[in-house]
There are 2 protein chains.
Amino acid sequence: MSAPDTFREFLRSRDLPVTEQRMRVATLLFSTHKHVSVEEILERLQADRVEIGKATVYRTLDLLVDSGLVREHDFGEGFKRYEYLAGPADHEHLICESCNKLIEFTSVEIEDLKRELARAHNFQPRFHRVEVYGLCEDCGVGAVEQGSPADRLPKAAFSRGGGRRQT
Amino acid sequence: MSAPDTFREFLRSRDLPVTEQRMRVATLLFSTHKHVSVEEILERLQADRVEIGKATVYRTLDLLVDSGLVREHDFGEGFKRYEYLAGPADHEHLICESCNKLIEFTSVEIEDLKRELARAHNFQPRFHRVEVYGLCEDCGVGAVEQGSPADRLPKAAFSRGGGRRQT
DNA sequence: GTGGCTGCAAATTCTTTGCACTATG
DNA sequence: CATAGTGCAAAGAATTTGCAGCCAC
């Protein structure tokens, strides 16, 4: 079943109306695997001449997260980002604390772990979030040897988290 | 080395003064493995007659997170919680979407995974966060058979995230 | 037709910032 | 003693809420 259909079915299962705005936010997310912010969703939809308000975007995102089709993330920017999850065994994130680059990876271990948890704690997993923070290959200590050191950050053992709130 | 000492060393490595307030916030966190909010930190310190302002708590928490001794969490309450991390291979969280219970677990798989990532992506992990959302044994579908069903939530296939903001 | 949704703007809440004063090294 | 930290209160920002009109069912 396609993602929009799954969302429609979710809404029906809750006796909630399938509205134009809800489907617009949903299909926008389903059409990309990027991590989009509320502001970006609003801009893109309004660029497409869709009449929609910020409150509706927030309200729809709550529903999408509840449906399990979308995952919420806080990458420390001061606002949340949302991303479409194609399946339960989707990707995870590596976040570089120096340049804020995002690397995605998949891991079978995580699914094994969830099975194991279900058994050991009698827990029914619905979705998860795995985030690893550290230094990417361009910013790590090994990087200096193969590039010009000057264009990089100090890469101290304790590097400042970078990019926290744009003010 | 004790946690307070590690924090002192961290401050010195950055040429930052070791102040009374900073050490108070730090030792409060080090003395418990609970997930505390800024408000709670403030209340507990002020109950102990410590003169400290909210801004200083926020500023100190940033330092503690940077030092790697403390981890920040967003459990969807509308504010952040902070927790002391005794070692790099610390615990992870299961979060029940129905009753908001928090279950902690440890996993060797996670450490294996981090090693594997370091190799595959040339990434230097510093800390991580693993959160699994779902239904705990008291709220899951199997629970009905062994307890009085009336005191529990509807446990629909799609349960509402519960406890999002207290307003 | 009706109950729930929508958009707008105001309200709320967490977090950050500016500044005069104080304390650390 | 100089530099950086602190507390307070005000500012800043993301998210939520109230309500009149509108739309899915």
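Note on naming: letters A, B, ... go to the chains in the order of the sequence lines (proteins, then strands), and numbering restarts at 1 for each one.
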To the nearest angstrom, how far is [X] atom [atom1] from [N] atom [atom2]?
| X | N | atom1 | atom2 | value |
| --- | --- | --- | --- | --- |
| B/I52 | C/dT22 | CD1 | C1' | 15 Å |
| A/R14 | C/dG4 | CZ | P | 14 Å |
| A/E77 | D/dG12 | CD | C1' | 17 Å |

- Query: Which residues within residues 27-34 of chain A lie with some heavy atom under 4.0 Å of an atom in DNA chain D?
  - Reply: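 Within this stretch, nothing sits under 4.0 Å of the strand.
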- Using the C1' atoms of the five pairs at each end, what is the angle between the end axes of the helix from C/dG1-D/dC25 to C/dG25-D/dC1, to 10°?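 Result, rounded to 10 degrees: 50°.
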- Can you pull the salt bridge (charged side-chain N to carboxylate O under 4.0 Å, His left out) pairs that have at least one residue in residues 27-45 of chain B, sequence neighbours excluded?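 As it turns out, the salt bridge (charged side-chain N to carboxylate O under 4.0 Å, His left out) pairs with a partner in residues 27-45 of chain B, which skip direct neighbours, are B/E39-B/K54, B/E40-B/R81.
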- Query: Do any pairs count as a salt bridge (charged side-chain N to carboxylate O under 4.0 Å, His left out) and have a residue in residues 98-110 of chain A, sequence neighbours left out, and if so which ones?
  - Reply: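 Residue pairs passing salt bridge (charged side-chain N to carboxylate O under 4.0 Å, His left out), neighbours aside: A/K101-A/D138.
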- Item | side chain to side chain donor-acceptor pair (under 3.5 Å) involving B/D74 - partner list, sequence neighbours excluded |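 Not a single residue meets the side chain to side chain donor-acceptor pair (under 3.5 Å) criterion with B/D74.
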- Message: Checking A/R119 now: which residues fulfil side chain to side chain donor-acceptor pair (under 3.5 Å) with it, not counting sequence neighbours?
- Response: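 Partners of A/R119 by the side chain to side chain donor-acceptor pair (under 3.5 Å) criterion, ordered by chain and then number, come out as A/E116.
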- Message: Restricting to ring pair (Phe, Tyr, Trp, His ring centres under 6.0 Å), what partner residues turn up for B/Y133, sequence neighbours left out?
- Response: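 B/Y133: ring pair (Phe, Tyr, Trp, His ring centres under 6.0 Å) contacts with A/F127.
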- Does A/H73 have any ring pair (Phe, Tyr, Trp, His ring centres under 6.0 Å) partners at least two apart in sequence or in another chain, and if so, which?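 Partners of A/H73 by the ring pair (Phe, Tyr, Trp, His ring centres under 6.0 Å) criterion, ordered by chain and then number, come out as A/F75, A/H93.
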- Query: Does A/P4 have any side chain to side chain contact (heavy atoms under 4.5 Å, CB included) partners at least two apart in sequence or in another chain, and if so, which?
  - Reply: A/S2, A/R8, A/M23, A/T27, A/F30
- Item | Residues in side chain to side chain contact (heavy atoms under 4.5 Å, CB included) contact with B/V57, at least two apart in sequence or another chain | B/V25, B/V38, B/I41, B/L42, B/I52, B/L61
- Counting primed atoms, P, OP1 and OP2 as sugar-phosphate and everything else as base, the B/S/- map of nucleotides 18-25 of chain D against protein heavy atoms under 4.0 Å is B-----SS
- Mind jotting down which residue pairs meet the ring-ring contact (aromatic ring centres under 6.0 Å, His included) criterion with at least one end in residues 39-67 of chain A? Sequence neighbours excluded, please. none
- Quick one: do the A/H128 and B/E92 side chains pair a donor with an acceptor below 3.5 Å? no
- Proximity to the side chain of B/K80 - top-ranked nucleotide from C/dT15, D/dT15, C/dG7: C/dT15
